[in-house]
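Worksheet for the structure shown next.
The analysis underlying the following values was restricted to heavy atoms, covering all of them including side chains, and did not include hydrogens, waters or symmetry mates. Fair warning: this is a prediction, and the values are worked out from it, not measured in the lab.
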Amino acid sequence: MNDQAIESRSPLCTTGVEGLDDILNGGLPRNRIYLIQGDPGVGKTTLALQFLLEGAAKGERGLYITLSETREELDAVAGSHGWNLDVISLFELSAIQSAFEDETENTFFHPSEVELNRTTEALLGEIERINPTRVVFDSLSELRMLAETPLRYRRQILRFKQHFAGRKCTVLLLDDRSSGQNDLQIESIAHGVLDLQRLSPAYGVSRRQLNIRKIRGVKFREGYHDVILQTGGMVVFPRLVAAEHHASFSAEGLTSGIPEFDEMLGGGLDRGTSSMFMGPPGTGKSTLAMQFAHSAARRGEKSYFIAFDETIGTLVSRARQLGMEVQPFVDSGLLRVEQVDPAEISPGELTDRVRRAVKDGVKVVVIDSINGYLNAMPEERFLNLQLHELLSYLNQQGVVTIMVLAQQGLVGSMQSAVDVTYLADTVVLFRYFEARGAIRQAISTIKKRSGNHERTIRELRLSEGRGFLFGEPLRDMQGVLTGIPVYHRDGPHDDKLMNLGE
């Protein structure tokens, strides 16, 4: 396929990275020069190779000009991803230097200027010979050193730009920012600038992000987008914008299958709403959340349970002890339970997994817990914003979302690492309290935006073989949520505490 046919077919040049093309609304405008900058190790070379291989798959001729790496190094990178570079042309700096060895030295001009001119002529000559549609320069730091002065360096970049102006060629210039700061002169020359960066948390894997600083004449999704490098290349997770996703859905509710609990919730949880189950560890938050996922699976609906804090085996075993056989639903695909390590995943990747699950038909999403989600964040101050977008997206898709929040403390005043209760439409509060010389559990619904709910406090008991037991409202006790209640009336007939034959 010739260049003219390619040009008439599409004005956009796909990059080979699905998420990046989504951010760019289809790809990079063709026949322009783009600057890809970032520190060493952020994935510039991987992105460049994917760019050229994508072109080769579409019948476009590609040229990789390497001024800093050898063919062997590039083959090693490609081999780690299972790629074959035979479909693209490669031109090394060593080939340029060997061509100059037999030439006489010109002492009239400064040696650096002579070397720069020779290098430039050799590069342009190779471009004329190959006549590529896609070109990668790796990297500009070598040209910057050859030029020595900013003025000479800028002139050389302008010369490249003028040379490519009429060639119908899309060019990526890679820059490792060895100068120590962003080169604003080159950014002003380039048609677009893509910035890659790597964050190194105190614990866990490095977090990579991509930010498109500019693309002239094109609308793109701004902001930082999470990136991972895995076998097969670079994966970009576009930042979620909930306003871009709307779907129609039925407003019917989702019941838990426990009459007392559904009564407390005013009939169950409404679709398109988010709920927060919050309280100290061990009060039954995760298990009741699993009850909703199990109830949905029994109705033939798909659920997605994201476990940050527990193993899948523990969740399945505890559910079985309480009368919930979830393994058959896991095997059938109706209930998807996924264990997530917060030290190994970025918020963007987690959001992408949730979006893919919703596209696959999931109607119930459980995040257990928000504390684990918080630990997956490179910067805690952005938690509320990212979580708000995710919840808005799920609500607009008609998904019932349940978040589990473990509070600090056991009895009395509870503290939370982050206050996100305002993001939830329904808030269910779990508490320990002391009574008759024993530690008991209480549950109450303290908020429901989408309708009425019971405002009493009930005792909750998780009994092996008998499942969830809900007591009568504790109307004769005050201060249950403080952990040390006070009785208002005396006498065994007024005691609403459950008696399980203890």
Side-chain angles (χ1 to χ4, degrees), residues 2-4 6-8 10-13 15 24 27-37 44 48 51-52 55 60-68 88-93 95-97 99-100 106 109-110 112-179 182-195 212-218:
N2 57 40
D3 294 346
Q4 289 76 12
I6 295 172
E7 176 68 13
S8 62
S10 173
L12 297 178
C13 185
T15 64
L24 294 167
L28 295 168
R30 288 187 179 273
N31 311 326
R32 300 291 187 268
I33 293 181
Y34 300 94
L35 176 63
I36 313 295
Q37 59 183 6
K44 299 186 301 297
F51 172 76
L52 293 180
E60 304 176 28
R61 188 176 295 111
L63 173 62
Y64 196 107
I65 300 174
T66 171
L67 306 179
S68 56
I88 63 176
S89 300
L90 179 66
F91 192 55
E92 298 181 68
L93 177 62
I96 303 174
Q97 294 173 334
F100 298 156
N106 188 330
F109 297 100
H110 193 281
S112 64
E113 185 174 356
V114 173
E115 186 175 1
L116 176 62
N117 290 335
R118 287 175 172 177
T119 301
T120 302
E121 292 298 332
L123 295 178
L124 297 181
E126 182 68 9
I127 293 169
E128 290 285 346
R129 187 181 71 84
I130 299 296
N131 191 27
T133 304
R134 302 187 183 209
V135 173
V136 171
F137 277 90
D138 184 11
S139 69
L140 290 182
S141 60
E142 306 299 327
L143 289 179
R144 187 183 292 110
M145 287 188 294
L146 287 175
E148 289 191 343
T149 67
L151 178 59
R152 190 182 301 160
Y153 175 55
R154 180 179 175 84
R155 284 177 177 174
Q156 289 300 319
I157 299 299
L158 284 172
R159 183 179 178 185
F160 283 129
K161 183 175 182 179
Q162 293 167 359
H163 181 80
F164 286 114
R167 298 195 60 85
K168 294 184 178 180
C169 184
T170 307
V171 184
L172 300 186
L173 305 177
L174 309 188
D175 188 6
D176 60 11
R177 291 195 290 210
S178 57
S179 60
N182 293 337
D183 194 332
L184 298 180
Q185 293 189 17
I186 302 303
E187 289 188 20
S188 66
I189 294 174
H191 187 79
V193 179
L194 283 69
D195 190 17
I212 300 179
R213 299 170 66 91
K214 77 168 186 178
I215 300 286
R216 291 192 180 117
V218 173

Considering only heavy atoms from C-beta outward, does the side chain of [X] approach that of [Y] to under 4.5 Å?
X: Arg154; Y: Ser188; answer: yes
X: Val171; Y: Phe160; answer: no
X: Leu140; Y: Leu35; answer: yes
X: Arg134; Y: Ile88; answer: no

Can you see which heavy atom on [X] is nearest to which on [Y], and at what distance?
X: Ala48; Y: Leu174; result: CB-CD1, 3.9 Å
X: Ile186; Y: Ile157; result: CD1-CG1, 3.4 Å
X: Ile215; Y: Gly192; result: CD1-CA, 3.8 Å
X: Ile127; Y: His163; result: CG2-NE2, 4.1 Å
X: Val135; Y: Leu52; result: N-CD2, 4.3 Å
X: Leu90; Y: Leu63; result: N-CD1, 4.3 Å

Pair Arg167, Asn31 - check side chain to side chain donor-acceptor pair (under 3.5 Å), show working. CA-CA 8 Å; Arg167 298 195 60 85; Asn31 311 326; over 6 Å; no
Inter-residue atom distance [X].[atom1] - [Y].[atom2], 0.5 Å rounding:
X: Lys44; Y: Asp175; atom1: NZ; atom2: CG; answer: 8.0 Å
X: Leu67; Y: Phe91; atom1: CG; atom2: CZ; answer: 9.0 Å
X: Leu28; Y: Ile33; atom1: CG; atom2: CD1; answer: 12.5 Å
X: Gln37; Y: Ser141; atom1: CD; atom2: OG; answer: 12.5 Å
X: Leu194; Y: Leu24; atom1: CG; atom2: CG; answer: 6.5 Å
X: Ile65; Y: Glu92; atom1: CD1; atom2: CD; answer: 12.0 Å

Indicate yes or no for a side-chain donor-acceptor contact from [X] to the backbone of [Y] under 3.5 Å, with no hydrogens or angles considered.
X: Arg32; Y: Ala190; answer: no
X: Arg61; Y: Asn131; answer: yes
X: Tyr34; Y: Pro29; answer: yes

What do you reckon, is CZ of Arg159 surrounded by more than 12 foreign heavy atoms closer than 6.0 Å? yes
Exercise. When you check the gap from the basic side-chain N to the acidic O, do Arg129 and Glu126 get nearer than 4.0 Å?
Worked result: yes
